[in-house]
Amino acid sequence: LLLTFAICRLIVTVGLNIDPTDLLSLGGATASVAVGGVQLSVDQSDMESASMDFGMLTRAEPLAVLHPSSAEDVARLVKAAYTSAQVFTVSARGHGHSINGQAQTNNGVVIQMSGSGAGGRKRVGPRPGPPRVFQKERFVDVWGGELWIDVLKSTLEHGLAPKSWTDYLYLSVGGTLSNAGISGQAFNHGPQISNVHELDVVTGKGEILTCSEEENTELFHGVLGGLGQFGIITRARISLEQAPQRVRWIRVLYSNFSAFTGDQEYLISLHEQPDAQKFDYVEGFVIVDEGLINNWRSSFFSPRNPVKISSINGGNGGVLYCLEITKNYHESTADTIDQEVEALLKKLNFIQTSVFTTDLPYVDFLDRVHKAELKLRSKGLWDVPHPWLNLFVPKSRIADFDKGVFKGILGNKTSGPILIYPMNKNKWDQRSSVVTPDEDVFYLVALLRSALDTGEDIHSLEYLSNQNRQVLRFCDDTGIKVKHYLPHYTTQEEWMDHFGDKWGRFNQRKMEFDPRHIMATGQRIFKLSS
Ligand code: FAD
């Protein structure tokens with residue numbers, strides 16, 4: 001009955017002439033319907049997973065789900081949506097790791113881009129081709145739904161790897177390129193969107209266009225950081241470098257915030273000196289409570305060497321800051337890595353007794369958060385609501401943010417890691433759609449919180465959401481001009497404010513590439529036009 005209802009809803013809403021013989025496999029394990037020459041699934045498990053995301057904060061059930069085998073499948077469906085008398089929406093979904101329903105839609109079709117790679121869910125039908133590495137040219141062509149973990153595995157077979165990463169690799173290429181894609185390499189290589197040579201995009205009119213710096217440039221820059229508004233990335237050509245073999249991974253602690261940020265800023269300034277020795281990755285995190293130092297991102301410290309804040313901080317509690325840095329190397333240069341790291345550490349002002357070092361294969365370092373995911377999953381702590389708050393904070397106000405938020409609003413319980421690291425704005429292409437603060441250096445501050453049903457108020461979704469609002473109000477009241485990363489707003493006025501002087505161009509690109517506003521409506525920037 002449910003299935004019939006779903007299909008009827010689809011037929012009525014889509015308003016297409018669907019031949020009854022197109023309704024396939026009814027009553028079987030999968031159910032599908034053909035629209036615009038492609039087979040859509042209304043299978044309950046497909047519908048269920050397309051209705052949810054990592055955030056577990058919003059839910060929207062689509063009319064159907066498409067598992068595309070090619071860019072042509074995507075184009076056929078989008079064309080049907082665009083030309084239909086009764087327009088319907090089309091939302092690409094990568095790995096569904098958004099927080100606020102950005103890949104969801106309840107009046108259209110979700111295109112499930114990620115599929116059967118090592119990291120993906122099982123998919124129906126043939127999958128698009130695997131990554132294709134061009135060794136001499138040092139780039140790789142990948143399907144938009146490919147997960148970064150699978151991109152890494154493919155390129156490593158050729159001794160190569162992408163240059164810029166996210167902390168977690170079970171995210172899709174199209175999903176991170178629609179935001180920016182950042183991690184500790186961004187200070188040097190820029191975000192992932194700065195490391196793309198070319199894209200194939202299915203626009204909101206259903207055309208497949210190749211775009212790059214030289215060809216269809218408005219589309220190219222618009223799509224990068226474009227929150228899925230201008231088209232669906234079906235192929236990305238990603239820049240590669242020779243892959244390191246091993247990583248020296250170091251953490252050092254600070255109790256003084258300005259010493260901590262001073263060192264971070266010094267380390268990221270080294271990118272301007274091409275010949276200088278520098279770390280390959282610079283991140284950091286804030287430790288406001290004892291529990292956190294041995295938390296999911298810090299398994300590093302434990303169980304062999306658990307750390308007590310009080311033992312480091314002179315027993316006075318308070319906030320600690322951890323600088324996290326790495327140096328990549330090849331086994332052939334292993335004999336010099338100690339001296340190189342030593343020379344770099346000598347210039348820093350951390351608490352001298354607080355150096356924690358480990359050494360591991362490059363893949364294990366890049367895939368570090370997945371290990372933590374498996375642990376959390378086993379304890380039932382992964383599939384919980386995630387009221388995350390990710391902000392770009394201008395360098396000139398980061399000390400005020402520390403005083404007001406880390407040492408103020410957060411108290412001594414944070415319900416998850418707090419990342420903090422600076423990036424150089426000149427590594428971000430201003431022609432892309434992404435918005436950053438108006439300063440040469442800005443920080444990512446990520447409050448990665450999980451709401452738990454412990455009965456304790458401080459772990460509740462309401463408490464944490466309220467704290468997020470307090471943080472934003474504090475920034476407003478004190479004039480700290482933050483920009484949201486992975487933004488989420490519900491009115492166009494808020495979006496216009498977010499984009500600032502980029503709004504005009506963003507809006508113009510929307511009119512050109514998605515005139516009926518059918519794409520990625522889960523972002524709630526534009527309303528579907530009739
Ligand atoms: P989805 O949630 O599926 O989609 C996100 C948006 O992109 C939607 O609007 C969707 O319509 C659109 N979209 C998806 N695929 C395409 C496509 N092919 N073409 C056009 N639009 C598309 N981000 C970082 O930058 N750095 C990190 O270190 C980082 N770590 C994370 C760790 C975890 C555990 C989680 C849950 C998220 C993390 N993120 C990080 C955020 C992540 O990059 C974004 O949420 C990203 O959108 C997730 O990719 P996805 O494939 O799951 O996208």
Side-chain angles (χ1 to χ4, degrees), residues 49-50 52-56 62 68 71 74 78 89-105 108-115 119-121 128 142-149 164-186 191-193 199-204 219 222-236 281 283 296-297 366 368-370 372-373 376-377 382-383 386 388 390 392 416-417 419 421 423 433-434 444 446 448 450 485-488 513-514 518-525:
S49 74
M52 284 304 289
D53 61 22
F54 179 80
M56 287 181 69
V74 175
V78 176
T89 59
V90 175
S91 276
R93 182 179 194 271
H95 212 206
H97 275 49
S98 290
I99 298 298
N100 300 100
Q102 285 92 335
Q104 296 170 6
T105 183
V109 178
V110 165
I111 304 188
Q112 182 56 63
M113 296 293 289
S114 298
R121 292 177 59 241
V142 300
W143 169 247
E146 204 70 61
L147 299 189
W148 284 99
I149 180 72
S164 184
W165 292 99
T166 46
D167 293 347
Y168 175 65
L169 306 187
Y170 288 65
L171 304 169
S172 79
V173 169
T176 71
L177 295 185
S178 297
N179 285 294
I182 50 172
S183 183
Q185 305 83 8
Q192 289 180 323
I193 54 170
L199 300 170
D200 283 347
V201 174
V202 175
T203 69
L219 182 62
V223 164
L224 295 171
L227 306 174
Q229 294 307 300
F230 312 113
I232 297 176
I233 300 167
T234 52
R235 178 183 62 94
Y281 162 104
E283 282 204 12
W296 61 286
R297 287 202 183 222
L366 290 180
R368 61 202 178 280
V369 176
H370 184 53
E373 171 188 355
L376 287 179
R377 276 191 188 282
W382 185 258
D383 292 322
H386 294 104
W388 285 11
N390 286 275
F392 289 146
L419 308 187
Y421 57 89
M423 286 168 282
S433 293
V434 78
L444 170 78
L448 307 179
S450 301
Y485 180 53
L486 315 172
H488 160 62
F513 300 116
D514 180 24
I518 59 179
M519 317 232 74
T521 47
Q523 298 277 5
R524 303 189 208 182
I525 305 174

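When reading the values below, keep in mind they use all heavy atoms of this one structure, side chains included, and skip hydrogens, waters and symmetry mates. Every number for a ligand or one of its atoms is a count from 1 in the order of the listing.
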Evaluate [X] for polar contact with ligand 1, using N/O atom pairs at a separation under 3.5 Å.
| X | value |
| --- | --- |
| W382 | no |
| I232 | no |
| I233 | yes |
| S98 | yes |
| I182 | yes |

Using heavy-atom distances only, which candidate in [options] approaches [atom] most closely?
| atom | options | value |
| --- | --- | --- |
| atom 11 (O) of ligand 1 | A103, A372, A92 | A92 |
| atom 39 (N) of ligand 1 | L171, V173, L169, T166 | L171 |
| atom 23 (N) of ligand 1 | Y168, Y485, Y170 | Y485 |
| atom 6 (C) of ligand 1 | Q104, Q523, Q112 | Q523 |

Under 4.0 Å to a heavy atom of [X] - the qualifying atoms of ligand 1, by number:
| X | answer |
| --- | --- |
| G181 | 25 (O) |
| R93 | 3 (O) |
| Q102 | 8 (C), 9 (O), 11 (O) |
| G228 | 21 (N) |
| G94 | 1 (P), 3 (O), 14 (C), 15 (N), 51 (O) |
| D167 | 27 (C), 28 (O) |
| T176 | 43 (O) |
| N179 | 44 (C), 46 (C), 47 (O) |

Between F54 and W388, does the ring centre distance come in under 6.0 Å?
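Yes, they do, as the ring centres are separated by less than 6.0 Å.
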
Any chance the rings of H97 and Y170 have centres within less than 6.0 Å?
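For H97 and Y170, the ring centres are not under 6.0 Å apart.
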
For the OG atom of S98 and the CG atom of L227, what is their distance to the nearest 0.5 Å?
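One finds 9.5 Å between OG of S98 and CG of L227.
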
Within this structure, what is the CD1-CG distance for the pair I182 and N390, rounded to the nearest 0.5 Å?
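If we round to the nearest 0.5 Å, I182:CD1 and N390:CG are 7.0 Å apart.
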
Show, in sequence, the C-alpha distance, side-chain angles and deciding distance for M519 and T203, and conclude whether the side chain to side chain contact (heavy atoms under 4.5 Å, CB included) test is met.
CA-CA 9 Å; M519 317 232 74; T203 69; over 6 Å; no

Contacts of type salt bridge (charged side-chain N to carboxylate O under 4.0 Å, His left out), residue R235, not counting sequence neighbours:
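Checked R235 against salt bridge (charged side-chain N to carboxylate O under 4.0 Å, His left out); matches are D141, E198, D200.
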
List in chain and number order the residues that pass salt bridge (charged side-chain N to carboxylate O under 4.0 Å, His left out) with D53, two or more places apart in sequence or in another chain; answer none if no residue qualifies.
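Counting only residues at least two positions away or on another chain, D53 forms no salt bridge (charged side-chain N to carboxylate O under 4.0 Å, His left out).
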
Between the side chains of [X] and [Y], is a donor N or O closer than 3.5 angstrom to an acceptor N or O?
| X | Y | answer |
| --- | --- | --- |
| W148 | T176 | yes |
| S91 | Q104 | no |
| T89 | T105 | yes |

Ligand 1 contact on [X] by region, counting heavy-atom pairs under 4.0 Å:
| X | value |
| --- | --- |
| S178 | side chain |
| V223 | neither |
| S183 | neither |

Between A103 and V110, which heavy-atom pair has the shortest distance, and what is it?
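It is O-CG2, 4.0 Å.
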
Would you name the heavy atoms of F230 and S433 that are closest together and state the gap between them?
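So the minimum-distance heavy-atom pair works out to CE1-OG, 3.6 Å.
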
Looking only at heavy atoms of G231, does any of them come nearer than 4.0 Å to an atom of ligand 1?
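Within the 4.0 Å threshold, so yes.
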
Within the structure, is a non-hydrogen atom of A180 found at a distance of less than 4.0 Å from ligand 1?
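For ligand 1, residue contact (heavy atoms, under 4.0 Å) with A180 is absent.
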
Before you tell me yes or no, could you show the steps for V90 and I232 under side chain to side chain contact (heavy atoms under 4.5 Å, CB included), namely the whole-Å CA-CA distance, both residues' side-chain angles and the distance that decides it to 0.1 Å?
CA-CA 9 Å; V90 175; I232 297 176; 4.1 Å; yes

